Amino acid sequence: MADKEGIKIEKNYYTDVPFKTNGNFHVKGAANLDWGMKKHLTNIFNPKSGNTVMFAFDHGYFMGSVSGLERLDILIPQLIDHVDVLMATRGALRTCVKPNFRKGIALRVSAGSSMINEDLSHELVSVDVEEAIRMNADCMAVQTFIGADGQLSSIDNLSKVINAGARYSIPTLGVIAVGKNMERTSQYFKLATRIVAELGAHIVKTYYCDDFEEIAAACPVPIVVAGGKKLAEKEALAMAYKSIQGGARGLDMGRNIFQSHHPVAMADAIGKIVHYKYTDKEAWEFFQEKTKSK
Ligand code: R5P
């Protein structure tokens, strides 16, 4: 097996060399895809910046009504105009989002775990591709548990969704999950992101960590970074900035937006980093300015 004898040469990720095979298309690794795939990816990644602000509020599929998401019908309409993509379950979209909005949709299509399970890694494909088409999904999101008990079934889920999406030109977003006892190391995320990309995912969602630029360089499709647990806004903006500087093509943020006292200002500040090259300091000043009298 490759590398069974150990690594013979030092790795070089060429982090200062831009991705070589993008052609004239703005989404990494997508130059050789067909028109339909490219159209969906363009609904996700802004052609000018090449980046995206996804707003993740799919937590209910395994966490129930988490703090900040108790009333989707009140929260989501406030945020729609301030993000590029809504990442959600079909139930949340149908019930709480008017169909006349013009942003991208990342549809959660895997399920099966919940906070009362000891092991969250066993899921199935809960939404089929015809339903994703009816929902006008721009990509289908599948949880992927590398190194966990449910690895085989989650790779089976991911592969089935990628294969189904290929029939109808709908991209797949592989969501790297981190189990309770797993460490968020660059070694783990390098392994997991590369596996998911090589299996055919068109976008990979993962967490920010040390050596992020190597993870992004070695992943041949765009990485979007999850926010994770709520941080102070200043810290969350710093994490967003480091992610974009490290090669992420967007943020897929949930709790750091919807658990902020100022979710709209937070979404806008993230957008400044993602699309307008703001530093974290400039974005923090922008956030303070927008919230000073509120
Ligand atoms: C988790 O599996 C879900 O996909 C969430 O969408 C994801 O964790 C992003 O949300 P947050 O920024 O709150 O971590």
Side-chain angles (χ1 to χ4, degrees), residues 44 52-70 72 75-76 79 82-93 96-97 104-115 117 119-127 137-146 148 150 154 157-158 161 172-180 182 184 189 192-193 196 201 203-209 223-233 235-244 248 250-260 263 266-267 269-271 273-274:
I44 296 170
T52 187
V53 178
M54 293 188 175
F55 175 52
F57 59 100
D58 59 334
H59 305 60
Y61 99 91
F62 75 112
M63 295 169 93
S65 56
V66 296
S67 172
L69 292 184
E70 300 87 341
L72 298 175
L75 178 74
I76 306 309
L79 279 163
H82 302 267
V83 298
D84 302 306
V85 177
L86 300 182
M87 180 181 185
T89 60
R90 60 176 159 180
L93 285 168
C96 301
V97 182
I105 295 177
L107 184 66
R108 162 66 61 181
V109 300
S110 66
S113 43
S114 75
M115 293 311 280
N117 294 138
D119 178 358
L120 297 175
S121 72
H122 299 276
E123 294 202 337
L124 43 74
V125 177
S126 59
V127 178
D138 291 301
C139 68
M140 299 179 284
V142 183
Q143 208 77 350
T144 315
F145 297 85
I146 303 298
S154 75
N157 296 340
L158 178 74
V161 171
T172 297
L173 165 61
V175 179
I176 307 295
V178 186
K180 262 188 210 160
M182 290 159 70
R184 297 179 179 220
F189 288 125
T193 54
V196 169
I203 311 166
V204 175
K205 171 174 171 172
T206 189
Y207 291 90
Y208 180 79
C209 66
I223 288 184
V224 292
V225 171
K229 285 185 183 158
K230 174 80 173 69
L231 305 167
E233 279 82 357
E235 271 181 69
L237 293 171
M239 191 269 288
Y241 178 66
K242 284 189 284 183
S243 300
I244 297 297
L251 272 293
D252 186 3
M253 199 169 248
R255 287 163 285 183
N256 279 290
I257 292 177
F258 67 72
Q259 290 182 344
S260 170
M266 192 58 188
I270 294 289
I273 292 170
V274 168

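Just follow the structure's listing: the first ligand is 1, and inside any ligand the first atom is 1. Note that the structure is predicted; figures quoted are calculated from it, not measured. Computed from heavy atoms alone, side chains included, the values below leave out hydrogens, waters and symmetry copies.
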Dump the intermediate steps for side chain to side chain contact (heavy atoms under 4.5 Å, CB included) on Val85 and Phe55, then the final yes or no.
CA-CA 6 Å; Val85 177; Phe55 175 52; over 6 Å; no
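- In terms of protein heavy-atom proximity, atom 8 (O) of ligand 1 is closest to Tyr207 OH, 3.9 Å.
- Near Arg255, meaning under 4.0 Å from one of its heavy atoms, ligand 1 places the atoms 11 (P), 12 (O), 13 (O), 14 (O).
- In this structure, a donor-acceptor pair under 3.5 Å is absent between the side chains of Ser65 and Glu70.
- Among protein heavy atoms, atom 2 (O) of ligand 1 sits closest to Gln143 NE2, 2.9 Å.
- Residue Lys230 places no heavy atom under 4.0 Å from ligand 1.
- In terms of the side-chain contact (heavy atoms from CB on, under 4.5 Å) criterion, residue partners of Glu235 (sequence neighbours excluded) are, by chain and number, Leu231, Ala232.
- In this structure, Asp58 has a heavy atom closer than 4.0 Å to ligand 1.
- Taking distance alone, with nitrogen or oxygen atoms compared against 3.5 Å, Gly227 approaches ligand 1 more closely than that limit.
- With ligand atoms numbered from 1 in the order given, ligand 1 contributes 10 (O), 11 (P), 12 (O), 13 (O) to contacts under 4.0 Å with heavy atoms of Gly254.
- An N or O contact shorter than 3.5 Å is missing between Met87 and ligand 1 by distance.
- Ligand-side atoms of ligand 1 in range of Ala56: 6 (O), 9 (C), 10 (O), range being under 4.0 angstrom from any heavy atom.
- Between Phe62 and ligand 1, a contact under 3.5 Å exists for no N or O pair.
- The side-chain heavy atoms of Met266 and Glu233, taken from C-beta on, include a pair separated by under 4.5 Å.
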Would you please test Ile244 and Val274 for side chain to side chain contact (heavy atoms under 4.5 Å, CB included) and show each step?
CA-CA 7 Å; Ile244 297 297; Val274 168; 4.1 Å; yes
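- Ligand 1 is approached by Arg108 to a heavy-atom distance shorter than 4.0 Å.
- Nearest protein neighbour of atom 7 (C) of ligand 1, counting heavy atoms only, is Lys205 NZ, 3.0 Å.
- Residue His59 approaches ligand 1 through these ligand atoms, each under 4.0 Å from one of its heavy atoms: 5 (C), 6 (O), 10 (O), 11 (P), 13 (O).
- Shown here for Gly112 and Asn117, the closest heavy-atom pair between the two residues is O-OD1, 3.9 Å.
- Judged by distance alone, the side chains of Ser154 and Gln143 never bring a donor and an acceptor atom under 3.5 Å apart.
- For ligand 1, the atoms lying closer than 4.0 Å to a non-hydrogen atom of Met253 are 12 (O).
- Aromatic ring centres of Phe258 and His59: separated by under 6.0 Å.
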Would Val142 and Arg108 count as a side chain to side chain contact (heavy atoms under 4.5 Å, CB included) here? Give the steps.
CA-CA 7 Å; Val142 183; Arg108 162 66 61 181; 5.9 Å; no
